[in-house]
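Step one of this worksheet: look at the structure below.
Atoms within a ligand are numbered from 1 in the order they appear, just like the ligands themselves. Quick note: residue numbers are just sequence positions, from 1.
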Amino acid sequence: MKSKLAALVCAALVCGLATAPAPVHGAPLSLDPAVEKRIDALLLKMTLDEKVGQLHQLAKPDPLPLDLVRQGRIGSLLNVTDAVEAGAVLEAARKSRLGIPVILGYDVIHGYRTAFPIPLGEAASFDPALAERSSEIAAREAAAVGIHWTFAPMVDIARDARWGRVMEGAGEDPFLGAAFAAARVRGFRKGGLAACAKHYVAYGAAEGGRDYNAVDMSEATLRDVYLPPFKAALDAGAETFMSAFNTIGGVPATANRHTLTEILKGEWAFKGFVVSDWNSVGELVPHGVAADLAEATKKAILAGVDMDMEGKAYSAHLAKLVKDGVVPAKTLDDAVRRVLRIKMQLGLFEKPAPDPKAAAAAMLTPEHRQAAREVARESIVLLKNDQNLLPAPSSIESLAVIGPLADSGEDQIGFWSAQGKGSEATTVLAAIRARAGARVQVTYAKGCDVKGTDKSGFAEAVAAAQGADGTLVVLGESQDMSGEAASRASLDLPGVQLQLLDAVVATGKPVGVVVMSGRPLVLGPVAARVPVLLQAFFPGTEGGPALADVLFGDVNPSGRLPVSLPRSVGQVPLYYSQRPTGRPASAEKWSSKYIDERNDALYPFGFGLSYTTFAYSGLEVSAPTMPVSGSVEVRVKVKNTGSREGKDVVQLYVRDLVASRSRPLRELKGFRKIALAAGEEQTVAFTLKAQDLGFHDDAGKYLVEPGAFQVFVGGSSTADLKGGFEVTSR
Ligand code: GLC
């Protein structure tokens, strides 16, 4: 019965909805008739070589390739980060035959000179408005030196913590990921940079969590989990997409006509351009889908890759392929049109050269530092606080600060830190010294390095702990242990850090731990040893002061996990929105579980503690049923039941109980960060549309099926306050 209804509903909907409904975010890129006319006229004047030149992106060589720019042979440069150089490129382009500007791109991922928390940390704020603000500031700093385009936001869903690039996105969930993707695009555009949604698509699902490795997944999962943040970026106005290194079912993302042209440029009607990732066109040869660079060029351009990043494939082979009729001239013209469209919409033809003095003044201003501190405060997740040891009592007279990451600005700003400088970061040690003031004696001992086996610093660390009222140990990964080409087979604390912690804990003094890392680590051994544990990811230039704000109680921590923290690396890929199985885990032997580990996360997605407590009650659904075109309102009361103000992230999860495909046990469909004074109670309402509760089949059709749904509302993905409703066929 249900499947027949589903087919009916689908048929009724398919005329209107080939894919999931576009979330309402900023404005998608649109066509400006005046710009299109201008492009028409320019295309008529361009030679074949000049057209190919627009599709050739080069990483800035030394010296600058000003001759090639003057010859119109370069459409884009990446890694120009100096206002004088940017001015020289602009002048050279002005002197070319047609004066077409070169678009300057750079990896402005989480800040330019002012480093904000890494994107995974920023996502822990569960406050997209903060990401919009940080992206805008990052863009202003980058645009000041003459950069036009950032290769961000990275919007890859990541559910395997072994993959080092989990640090670069918004974690495991498509709903949270879509919200941050849109916010970052809006921020970059507000700040003056064109955005680039990357890495299109499914790069985060690399087998074994090994970077650049193959990806295999169903069309349904691709559309339900990995595509939504990209669609949100497009809807927010992203001007460009970047094709990924990985294959999808054996077809490289950079030669994938289905994803690049049928979905992106077809179904989604994307009007911007696609740039390849670094030489990912050339890599079609080692992928084994192209015999040589000429064939790689043909496959990439015909699939829908418009610009070749640092691949030197298009510049070497595209003109001949067009001359020989292997690549239609129309295909070339469409790619060039897309590039020219973005250059014109960005106003690059009219843009003056950047002013080096103004650029220098735009960097690392007090306002930017303050913004970085505010974002970092909201991204710190309090995982454990036994006996409410935090915030540090005002009676404390001596503090020991220990660990390889307590005074490391370089690590604190994380990977992909652009022009950020570790030396300009305020470290945890420096911030604690400043906050503690003369009254509190602060001693420091590094204890050990992040990696390595040297324990010679243990004694000094133990002595520091013995001599202090309380000890803070800051440990985790070095910044280069996550990011690109930094997959790990282990999620343990590297080096001898756990042994250092053991030695410090053995003093019997109260010990708290702050973990800095670019990925979820296996923190069970740490949590078992200490009463206080915070996850700070890499909190950026002002991460030290933000941590001090939290540790001394000036700020009540409000971060929530955007990724599940595992008990064991053997659990990954680990994520909350697992599908049910035919044998749900139970005491019954013959059920889906490990014989040597629990199934659930050590700390689940959406989890985080506060210095106060919150109570949820009075869950109400506005109606028992809604039609497939309808909506219901879900309301819940949230009360601050503690003794101080605090923020909580109210989270709404939904489960589709019976459908034509097995649906996840829970899916995030709403979240809201609210501030409550002590004792204050608020009613939070979410609108749930039936159209947002659908899923895709393997034909790529979006289905909204009638049936019973459960809702769960609370402060994490394990929320147990539940309600329900029914979606009816009309
Ligand atoms: C790298 C990354 C990509 C980055 C590009 C330019 O290989 O995969 O994210 O934007 O090259 O640096």
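Shown in contact with Phe245 at under 4.0 Å from a heavy atom are these atoms of ligand 1, numbered in order with element: 7 (O), 8 (O). Residue-ligand proximity, Lys198 to ligand 1, at heavy-atom distances under 4.0 Å covers atoms 3 (C), 4 (C), 9 (O), 10 (O). Atoms of ligand 1 lying under 4.0 Å from at least one heavy atom of Trp278, given by number and element, are 7 (O), 11 (O). Close approach of ligand 1 to Phe151 is summarised as follows: ligand atoms under 4.0 Å from at least one heavy atom of the residue are 10 (O).
No donor-acceptor pair under 3.5 Å is formed between the side chain of His56 and the backbone N or O of Glu310. Between the side chain of Thr221 and the backbone N or O of Ser218, no donor-acceptor pair lies under 3.5 Å. Put simply, the side chain of Ser487 gets close to the backbone of Asp211: a donor and an acceptor are under 3.5 Å apart.
A donor-acceptor pair shorter than 3.5 Å cannot be found between the side chains of Ser280 and Asp277.
No heavy atom of Met154 sits closer than 4.0 Å to any atom of ligand 1. Using a non-hydrogen distance threshold of 4.0 Å, Arg165 registers as a contact of ligand 1. Not a single heavy atom of Tyr106 lies less than 4.0 angstrom from ligand 1.
When hydrogens are left out, the protein atom nearest atom 9 (O) of ligand 1 is His199 NE2, 2.6 Å; that is the closest non-hydrogen contact. Closest protein heavy atom to atom 2 (C) of ligand 1: Glu484 OE1, 3.2 Å. Distance from atom 10 (O) of ligand 1 to its nearest protein heavy atom, with residue and atom name: Asp107 OD1, 2.5 Å. The nearest heavy-atom contact from the protein to atom 8 (O) of ligand 1 is Asp277 OD2, 2.6 Å.
The distance from the CD1 atom of Ile147 to the CG atom of Asp107 is 10.0 Å, given to the nearest 0.5 Å. The distance from the CE atom of Met242 to the CE atom of Met309 is 3.5 Å, given to the nearest 0.5 Å.
Cation-pi contact between Lys198 and Trp416: present, with separation from the ring centre below 6.0 Å and deviation from the ring axis of at most 45°. Arg159 forms a cation-pi arrangement with Tyr575, by the criterion of a distance under 6.0 Å to the ring centre and an angle within 45° of the ring axis.
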